[in-house]
Amino acid sequence: MPNTNPQILLSVQNALRLLKLFTLSTPEKRLTELSNELGLGKSTTSRLLSTLLSEGFVYQDPISNKYRLGQRIVSLYNVIVSSYVDLAEAAKPLTARLARETSEAILVAVLEEDEIVYIFKEDGSTKEDLAASVGARNPAHCTSSGKLLLAYQDPVTLSRILERPLNRYTSNTITDPSELKEQISRIRDQDYCVSIGEYIENIVSISAPLWDSTGQVISTITLMGPTQRLNEERITSYTNKVVKTAKEISRQFGYL
């Protein structure tokens, strides 16, 4: 998307875009790959990499010549994690209780741009591959935590996020911005969100908001499990438990 904001430095934007190309599934990439994915020439991409190398944000393997994220990213990540320590500590006893009561995985997530990031996880009695580990990023438009967090964004921010491509992951994924906006409005009214097979087939997630003392939604608590266990009756029962637990955690942050 062309940069039309005069306050944004294109070179900085491209450098940040480059960093976001490294993922858990593709932690290493060659110059050609990065150039193609950015839509920039090799010389421009090479200059971006040289700058990031000099600051420790990327590392180049001397044998394979592939690039990966550098130690400076780890330092910044530790700063982010430390800022969530209080939240994780407040949530842990209550999420552990919820995991015991339901036998399902419980997660805490925050919104970063148009993705959610999981910052805490309490495993249930079974450990399915839920594509939801600490540090993992999932799209906001088709996850219960993501849609719930979108519901508390200001209208300008929400519109900007929904203007981006809404990728389809399953037959249940909503990709029409107008339809999604209507659903998000209903989610805000009810203060919880249930998502069934929208991001991963046969996975149910139930989210409720976590509030701080100022009345701001800072994150979500989410229960996640397979549809084979989470039938309609359990979804209703577990939704009540998730909402109750979220309110208890929020009270620890001074929300009344």
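The distance from the CG atom of L49 to the CZ atom of F57 is 13.5 Å, given to the nearest 0.5 Å. Taken to the nearest 0.5 Å, the CD atom of Q190 stands 8.5 Å off from the CZ atom of R186. For the atom pair CG (L31) and CG (N36), the distance works out to 9.0 Å, reported to the nearest 0.5 Å. Atom CD of E37 is separated from atom CG of L21 by 5.0 Å, given to the nearest 0.5 angstrom. Atom-to-atom distance recorded for T143:OG1 and R137:CZ is 12.0 Å, nearest 0.5 angstrom. With rounding to the nearest 0.5 Å, the separation of NZ in K66 from NZ in K29 is 10.0 Å.
At least one side-chain heavy atom of D123 sits under 4.5 Å from a side-chain heavy atom of K121. Two residues are said to be in side-chain contact when any heavy atoms from C-beta on lie closer than 4.5 Å; Y199 and N138 meet this criterion. The side-chain heavy atoms of I249 and V108, taken from C-beta on, include no pair separated by under 4.5 Å. With a 4.5 Å cut-off on side-chain heavy atoms, R47 and S43 count as touching. Looking at R168 and C142, their side chains never come closer than 4.5 Å, going by heavy atoms from C-beta outward. Side-chain contact check for L10 versus Q13: some heavy-atom pair is nearer than 4.5 Å. Side-chain contact between E104 and I206 is absent, with no heavy atoms from C-beta onward closer than 4.5 Å. At a threshold of 4.5 Å between non-hydrogen side-chain atoms, the residues R229 and R234 count as touching.
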>> side chain to side chain contact (heavy atoms under 4.5 Å, CB included), that's the test. Do L210 and S219 meet it? Break it down for me.
In response: CA-CA 5 Å; L210 298 181; S219 57; 3.3 Å; yes

> Run the side chain to side chain contact (heavy atoms under 4.5 Å, CB included) check on F22 and L34 step by step: do they pass?
Replying inline: CA-CA 9 Å; F22 296 99; L34 293 167; 4.1 Å; yes

> How far apart are the C-alpha atoms of I235 and I196, what are their side-chain angles, what is the distance that settles it, and do they pass the side chain to side chain contact (heavy atoms under 4.5 Å, CB included) test?
Replying inline: CA-CA 10 Å; I235 288 174; I196 302 176; 4.0 Å; yes

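For the pair T220 (side chain) and A208 (backbone), a donor-acceptor distance under 3.5 Å is absent. Side-chain atoms of Q216 do not come within 3.5 Å of backbone N or O of I218 as any donor-acceptor pair. Panel note: side chain T236, backbone E232; a donor-acceptor pair is recorded below 3.5 Å. Looking at S46, its side chain never comes within 3.5 Å of a backbone N or O of K42 through a donor-acceptor pair. Of the possible donor and acceptor atoms, one in the side chain of T170 sits under 3.5 Å from a partner among the backbone N and O of G197. The main-chain N or O of N167 is found under 3.5 Å from a side-chain atom of H141 such that the two form a donor-acceptor pair.
Side-chain contact of R17 with N14: a donor-acceptor pair under 3.5 Å is present, judged by distance alone. D212 and T214 share a side-chain donor-acceptor pair at under 3.5 Å. Residues T26 and T23 bring a donor and an acceptor atom of their side chains to less than 3.5 Å of each other.
Of all heavy-atom pairs spanning S171 and E201, the tightest one is N-OE2, 3.9 Å. Taking every heavy atom of both residues into account, P209 and A246 meet most closely at O-CB, 3.4 Å. Taking both residues in full, the closest heavy atoms of Y192 and I187 are given as O-CG2, 3.5 Å, listed atom of the first, atom of the second, then distance. Across every non-hydrogen atom of D61 and R68, the tightest pair is OD2-NH1, 3.9 Å. The two atoms that bring P139 and I116 nearest to each other are O-CG1, 4.4 Å, heavy atoms only. In terms of heavy atoms, T51 sits closest to S54 at O-OG, 2.6 Å.
Cluster membership check: L69 shares its hydrophobic cluster with L52, using side-chain heavy-atom separations under 4.5 Å among Ile, Leu, Val, Met, Phe, Trp and Tyr. When the side chains of ILVMFWY residues are joined at heavy-atom separations under 4.5 Å, either directly or via intervening members, Y169 and I203 end up in a single hydrophobic cluster. Under a hydrophobic-cluster definition in which Ile, Leu, Val, Met, Phe, Trp and Tyr are linked whenever side-chain heavy atoms come within less than 4.5 Å, directly or via other members, V58 and L16 are assigned to the same cluster.
Of the candidates I106, T222, L223, I106 is the only one forming a side-chain contact (heavy atoms from CB on, under 4.5 Å) with T95.
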Using a 3.5 Å cut-off and no angle test, enumerate the donor-acceptor pairs between side-chain atoms of residues 147-155 and protein atoms at least two apart in sequence or in another chain.
from	atom 1	to	atom 2	distance (Å)
K147	NZ	Q183	OE1	2.7
K147	NZ	E198	OE1	2.9
K147	NZ	E198	OE2	2.7
Y152	OH	D191	OD1	2.3
Q153	NE2	L149	O	3.0
D154	OD1	V156	N	3.1
D154	OD1	T157	N	2.9
D154	OD1	T157	OG1	3.1
D154	OD2	T157	OG1	2.7

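Applying the side-chain hydrogen bond (donor to acceptor under 3.5 Å, both in side chains) criterion to S145, with sequence neighbours excluded, gives no partner residue.
Salt-bridge annotation for E248 and R97: present, with a side-chain N of the basic residue lying under 4.0 Å from a carboxylate O of the acidic one.
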